[in-house]
Amino acid sequence: MAKIQFSRGLDEEVIPDVKLTRSRDGGQGTATFIFTKPQILDQGTTEDITGMYLIDEEGEIVTREVKAKFINGQPEGLEAVHIMKSIEEWERFMRFMERYAEENGLGFTKSGK
């Protein structure tokens with residue numbers, strides 16, 4: 001039951017590209033979600049976007065840092081950034097991502113650094 005919403009009650013069906021970064025000590029991390037042509041933009045208004053809600057059986061992770069990307073005046077995508085400030089927040093986020101990936105057939109690729 002892992003899902004992403006931008007407006008409460010409306011599940012986003014478009015699967016994002018997710019980029020993760022983490023500090024060397026593991027204490028902080030950032031997840032950047034990039035959605036290309038998400039369904040919420042088909043609603044014709046971006047005012048319905050109140051944040052990004054990551055919802056699973058443990059509860060909800062919320063980020064308010066959501067930006068729309070426009071090309072020729074038309075909304076083309078959304079970028080959402082979730083910042084994790086502790087190892088506990090990182091672990092909670094990763095549990096959500098494991099559930100979301102499993103439900104949506106996603107894989108994980110580690111960068112070559």
Side-chain angles (χ1 to χ4, degrees):
M1 182 211 92
K3 56 191 174 185
I4 297 175
Q5 298 180 347
F6 291 104
S7 182
R8 293 203 185 272
L10 290 174
D11 294 351
E12 181 55 59
E13 300 296 327
V14 171
I15 306 300
D17 182 25
V18 182
K19 293 181 170 68
L20 295 173
T21 59
R22 193 172 186 190
S23 63
R24 290 192 186 276
D25 67 1
Q28 294 189 350
T30 303
T32 304
F33 290 74
I34 299 168
F35 293 82
T36 303
K37 296 189 184 279
Q39 286 182 310
I40 189 75
L41 295 179
D42 291 341
Q43 309 295 319
T45 177
T46 55
E47 282 104 44
D48 293 339
I49 300 170
T50 56
M52 181 177 70
Y53 307 93
L54 310 177
I55 302 165
D56 64 12
E57 57 262 28
E58 283 186 61
E60 185 176 89
I61 301 169
V62 180
T63 184
R64 300 285 180 208
E65 197 171 327
V66 179
K67 299 175 192 165
K69 182 178 181 180
F70 290 82
I71 297 176
N72 294 328
Q74 297 299 314
E76 287 291 315
L78 290 176
E79 180 177 297
V81 177
H82 175 62
I83 297 171
M84 295 152 279
K85 296 180 180 167
S86 70
I87 292 171
E88 292 78 21
E89 285 183 17
W90 175 270
E91 289 173 352
R92 168 64 180 102
F93 174 79
M94 292 306 291
R95 288 192 304 273
F96 169 82
M97 285 307 297
E98 285 171 16
R99 292 176 184 121
Y100 187 78
E102 190 173 301
E103 285 187 27
N104 292 286
L106 302 177
F108 177 73
T109 306
K110 199 167 186 171
S111 74
K113 288 188 177 180

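Positions are given from 1, in the same order as the sequence printed here. As the structure is a prediction and not an experimental result, all values here were calculated from the model. As a basis for the values below, the full set of heavy atoms in this structure was taken, side chains included, without hydrogen atoms, waters or symmetry mates.
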For this session: Show your reasoning for whether ring pair (Phe, Tyr, Trp, His ring centres under 6.0 Å) applies to Phe33 and His82.
Result: CA-CA 8 Å; Phe33 290 74; His82 175 62; 7.8 Å; no
State the [atom1]-[atom2] distance between [X] and [Y], to the nearest 0.5 angstrom.
X     : Y     : atom1 : atom2 : result
Met97 : Arg92 : CE    : CZ    : 12.0 Å
Ser7  : Gln39 : OG    : CD    : 12.5 Å
Thr50 : Leu10 : OG1   : CG    : 9.5 Å
Met52 : Glu65 : CE    : CD    : 10.0 Å
Leu78 : Leu41 : CG    : CG    : 4.5 Å
Ile40 : Ile49 : CD1   : CD1   : 5.5 Å

Problem set entry | Residues Ile15, Phe35; criterion side chain to side chain contact (heavy atoms under 4.5 Å, CB included); working and verdict | CA-CA 7 Å; Ile15 306 300; Phe35 293 82; over 6 Å; no
Which atom pair, heavy atoms only, marks the closest approach of [X] to [Y]?
X     : Y     : value
Ala80 : Val66 : CB-CG2, 4.0 Å
Gly77 : Pro38 : CA-CD, 3.9 Å
Gly27 : Ser23 : N-OG, 3.3 Å

Exercise. Looking at residues at least two apart in the chain, or sitting in another chain, which of them share a ring pair (Phe, Tyr, Trp, His ring centres under 6.0 Å) with Phe96?
Worked result: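 By the ring pair (Phe, Tyr, Trp, His ring centres under 6.0 Å) rule, Phe96 matches Tyr100.
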Exercise. Got a sec, which hydrophobics cluster with Val81, joining ILVMFWY side chains under 4.5 Å apart, including via others?
Worked result: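 Listed partners: Ile83.
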Exercise. By the rule that ILVMFWY residues connect when side-chain heavy atoms come within less than 4.5 angstrom, directly or transitively, which residues belong alongside Tyr53?
Worked result: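 Direct or chained contacts put Tyr53 with Met1, Ile55, Val62.
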For this session: Report the residues that fulfil side chain to side chain donor-acceptor pair (under 3.5 Å) with Glu103, sequence neighbours left out, ordered by chain and then residue number.
Result: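 Listed in chain order: nothing, the list is empty.
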Exercise. For Glu57, which residues count as a side chain to side chain donor-acceptor pair (under 3.5 Å) partner, sequence neighbours excluded?
Worked result: Arg99
Under the salt bridge (Lys or Arg N to Asp or Glu O under 4.0 Å) test, residues paired with [X] that sit two or more places apart:
X      : value
Lys69  : none
Arg95  : Glu58
Glu76  : Lys37
Glu102 : none

Problem set entry | With Thr36 via side chain to side chain contact (heavy atoms under 4.5 Å, CB included) - residues at least two apart |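 With neighbours one apart ignored, the set is empty.
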Exercise. Among all residues two or more places apart in sequence or in another chain, which pass the side chain to side chain contact (heavy atoms under 4.5 Å, CB included) test with Ser86?
Worked result: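 Per chain and number, Ser86 pairs via side chain to side chain contact (heavy atoms under 4.5 Å, CB included) with Glu88, Glu89.
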Exercise. Are Leu106 and Ile34 co-members of a hydrophobic cluster defined by side-chain heavy atoms under 4.5 Å apart?
Worked result: no
Exercise. Would Phe6 and Asp11 satisfy side chain to side chain contact (heavy atoms under 4.5 Å, CB included), going step by step from the backbone distance to the final call?
Worked result: CA-CA 8 Å; Phe6 291 104; Asp11 294 351; over 6 Å; no
For this session: Could you list all the salt bridge (Lys or Arg N to Asp or Glu O under 4.0 Å) pairs where at least one residue sits in residues 12-31, not counting sequence neighbours?
Result: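 Output for this query lists Asp17-Lys19.
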